[in-house]
Amino acid sequence: MKFLDEAKVYIASGAGGNGCVSFRREKFIEFGGPNGGDGGKGGDVVVEAVTGLNTLIDYRYQQHFKAQRGGNGMGKDRAGANGKDVVLKVPVGTQVYEEDGETMIADLTEVGERAIISKGGNGGFGNTHFKSSTNRAPRHANSGQPGEERTIRLRLKLIADAGLIGLPNAGKSTFLAAVSAAKPKIADYPFTTLHPQLGVVEVDNREFVLADLPGLIEGAHEGTGLGDRFLGHTERCRVLLHLIDITAEDAGAAYKIVRGELQAYGHGLTDKPEVVALSKADAVTPDVIKSQAAKLKKACKKTPLVLSAQSGEGVQAALRALLKIIEQTREDADKTEAKEAAV
Ligand SMILES: Nc1nc2c(ncn2[C@@H]2O[C@H](COP(=O)(O)OP(=O)(O)OP(=O)(O)O)[C@@H](O)[C@H]2O)c(=O)[nH]1
Ligand SMILES: [Mg+2]
């Protein structure tokens with residue numbers, strides 16, 4: 001399935017149906033009185049998060065969504081039918097923005113969550129409604145309110161607990177493949193991964209979701225390589241796993257390039273907890289491991305983990321380090337939620 005994480009969509013809610021002007025006419029009944037029914041309500045435009053979707057690709061093929069208009073009211077006090085809603089099914093993690101792309105209207109983070117993006121117009125009142133003691137035969141009815149037409153933007157920000165970042169070829173996809181059932185493409189050239197991919201990781205009988213991302217290079221924030229737009233998918237991560245290729249010339253320098261790009265991207269990514277690890281430990285001698293670890297420690301100011309996704313060495317330790325942070329931040333989030341609820 002193709003991956004698409006941004007889409008522009010044109011929506012229109014349904015207009016309300018018109019109210020009806022009608023009078024009761026029956027043989028031998030004089031002055032039967034008004035009996036025009038109300039118009040039906042126009043359909044809403046609704047966005048709903050569903051399971052089994054992980055891309056917005058459908059919205060490349062269909063961009064116009066129109067809800068049904070309400071039926072007109074009719075004589076004999078018959079109300080018009082309400083128009084059908086139109087429901088845009090989107091993957092969990094989709095945010096809905098106004099056309100400007102900055103004003104967020106909805107953020108759907110759970111399966112089944114729905115948001116009405118555009119309300120249908122109300123139906124107009126039929127003339128029955130306007131009957132009063134002074135006006136027994138009103139000859140007017142309201143027309144239905146118009147629907148609303150506008151453009152919205154959908155933006156998918158995947159929901160993962162941990163995100164894999166690093167330079168191209170750092171071994172990110174190999175790591176994901178080693179720890180989950182995901183089957184990302186792996187190759188010894190840069191930019192093998194073009195789109196984020198999720199995998200479910202099991203460690204110590206606990207589970208978390210890990211996202212593999214494309215590689216970052218110097219200047220990504222100016223569009224070099226694949227750019228840095230995909231970093232949006234790490235915005236919701238609780239922790240980042242930063243992999244640095246141990247066969248690189250200088251692990252410390254490699255680390256700094258990626259951190260510089262995270263900084264330039266903004267959105268608080270550099271404030272996120274980070275687990276730093278040297279990858280491909282199987283490919284070098286213990287001496288090299290030592291010297292690279294020392295260089296990296298100087299750059300990131302903590303002792304990096306050392307692992308090899310190929311041999312499995314150090315992988316469990318890395319997963320445990322991630323899990324610990326994920327559970328800690330989950331607890332903290334629960335506490336703040338409880339606090340907020342108590343206020
Ligand atoms: N020896 C060794 N090679 C590894 C290890 N992990 C990855 N590699 C190799 O490094 C190369 C790049 O691996 P990928 O997993 O595709 O790297 P990536 O970080 O996902 O790269 P991009 O998607 O291009 O950003 C491949 O040839 C892998 O076989 C490891 O633990 N040991
Ligand atoms: Mg990759």
Side-chain angles (χ1 to χ4, degrees), residues 1-3 5 54-55 158 160 162-201 203 209-221 223-234 237 239-251 253-262 265 269 274-293 296 300 304-319 321-322:
M1 190 160 34
K2 277 196 186 156
F3 188 82
D5 56 8
N54 56 11
T55 157
L158 291 175
L164 274 162
I165 54 159
L167 293 176
N169 264 339
K172 301 179 292 300
S173 303
T174 310
F175 186 87
L176 180 75
V179 300
S180 75
K183 295 194 172 50
K185 190 171 164 195
I186 294 167
D188 61 354
Y189 54 82
F191 304 119
T192 312
T193 302
L194 299 175
H195 306 297
Q197 189 170 355
L198 300 181
V200 177
V201 180
V203 55
V209 178
L210 177 65
D212 174 30
L213 296 170
L216 276 170
I217 55 171
E218 190 156 19
H221 67 284
T224 317
L226 294 174
D228 67 354
R229 210 175 52 83
F230 60 80
L231 283 176
H233 296 289
T234 63
C237 291
V239 56
L240 302 177
L241 174 57
H242 187 161
L243 290 186
I244 297 108
D245 188 343
I246 206 163
T247 66
E249 218 167 278
D250 180 340
Y255 173 83
K256 283 186 176 156
I257 292 175
V258 171
R259 290 300 289 183
E261 293 304 323
L262 294 187
Y265 177 80
L269 290 194
E274 180 190 43
V275 172
V276 181
L278 284 160
S279 62
K280 309 191 190 177
D282 62 283
V284 295
T285 61
D287 284 347
V288 177
I289 296 182
K290 236 188 196 166
S291 76
Q292 289 284 44
L296 183 52
C300 74
L305 301 176
V306 178
L307 61 84
S308 161
Q310 220 156 73
S311 74
E313 168 200 349
V315 169
Q316 282 299 315
L319 295 181
L322 294 174

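Atom set for the values below is all heavy atoms of this structure, side chains included, hydrogens, waters and symmetry mates excluded. One-based numbering, in listed order, for ligands and for the atoms of each.
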Who's the nearest protein heavy-atom neighbour of [atom], and how far?
atom                    : result
atom 25 (O) of ligand 1 : Lys172 NZ, 2.9 Å
atom 27 (O) of ligand 1 : Asp188 CB, 3.2 Å
atom 8 (N) of ligand 1  : Lys280 CE, 3.6 Å
atom 17 (O) of ligand 1 : Gly171 N, 3.2 Å

With heavy atoms under 4.0 Å as the rule, classify the contact between Ser279 and ligand 1 as side chain, backbone, both or neither.
->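 The answer is neither.
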Is it the side chain (CB and beyond), the backbone, both or neither of Tyr189 that lies under 4.0 Å from ligand 1, heavy atoms counted?
->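 Only the backbone of Tyr189 comes within reach of ligand 1.
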For the backbone of [Y] and the side chain of [X], can you confirm whether one donor and one acceptor N or O come within less than 3.5 Å of each other?
X      : Y      : answer
Lys290 : Thr285 : no
Glu261 : Ala220 : yes
Ser291 : Val288 : yes
Gln197 : Ala211 : no
Gln310 : Thr174 : no

Metal-centred angle, the Mg ion (ligand 2) as apex - OG1 of Thr193, OG of Ser173, 10° resolution =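 Result: 90°, to 10°.
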Selected option - heavy-atom contact closest to [atom], from [options]:
atom                    : options                        : answer
atom 20 (O) of ligand 1 : Ala281, Ser173, Gly312         : Ser173
atom 7 (C) of ligand 1  : Leu176, Leu164, Thr174, Ile165 : Thr174
atom 32 (N) of ligand 1 : Thr247, Asn169, Asp282         : Asp282
atom 28 (C) of ligand 1 : Ile217, Ile186, Leu243, Leu194 : Ile186

Are any of the N/O atoms in [X] less than 3.5 Å from those in ligand 1?
X      : result
Ala309 : yes
Gln310 : yes
Thr193 : yes

Just jot down the ligand 1 atoms closer than 4.0 angstrom to any heavy atom of Gly215, in number order.
->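 Taking each heavy atom of Gly215 in turn, ligand 1 has 25 (O) under 4.0 Å.
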Provide the number and element of each atom of ligand 1 under 4.0 Å from a heavy atom of Phe191.
->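 Heavy-atom distances to Phe191 below 4.0 Å select 24 (O).
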Before giving the answer on salt bridge (Lys or Arg N to Asp or Glu O under 4.0 Å), spell out for Asp245 and Lys280 the whole-Å C-alpha distance, their side-chain angles and the decisive distance to 0.1 Å.
-> CA-CA 6 Å; Asp245 188 343; Lys280 309 191 190 177; 3.0 Å; yes
Of all the heavy atoms in Pro190, does at least one lie under 4.0 Å from an atom in ligand 1?
->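 Per 4.0 Å heavy-atom rule, Pro190 contacts ligand 1.
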Pairwise distance CZ(Phe230) to CG(Leu216) - rounded to 0.5 angstrom =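 Nearest 0.5 Å value for the CZ-CG distance: 4.0 Å.
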Worked check of side-chain contact (heavy atoms from CB on, under 4.5 Å) between Gln316 and Val203 = CA-CA 8 Å; Gln316 282 299 315; Val203 55; 3.7 Å; yes
Determine whether the side chains of Asp282 and Ser311 contain a donor N or O and an acceptor N or O closer than 3.5 Å.
->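 No, because no side-chain N or O of Asp282 sits under 3.5 Å from a partner of the opposite role on Ser311.
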Flag yes if more than 12 heavy atoms outside Glu218 fall under 6.0 Å of its CD atom; otherwise flag no.
->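 No, the 6.0 Å shell around CD holds no more than 12 heavy atoms from other groups.
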Within Thr192, is some N, O or S atom less than 2.8 Å away from the Mg ion (ligand 2)?
->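 Under 2.8 Å: Thr192 has no N, O or S contact with the Mg ion (ligand 2).
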Tell me, please, if Thr174 has any N/O/S atom, main chain or side chain, under 2.8 Å from the Mg ion (ligand 2)?
->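 No, outside the cut-off.
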Reference residue Leu269; test side-chain contact (heavy atoms from CB on, under 4.5 Å); the match among Leu262, Ile165, Asp228 =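 Between Leu269 and the candidates, side-chain contact (heavy atoms from CB on, under 4.5 Å) is satisfied uniquely by Leu262.
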Please walk me through it: do Val258 and His242 pass side-chain contact (heavy atoms from CB on, under 4.5 Å)?
-> CA-CA 9 Å; Val258 171; His242 187 161; 3.5 Å; yes
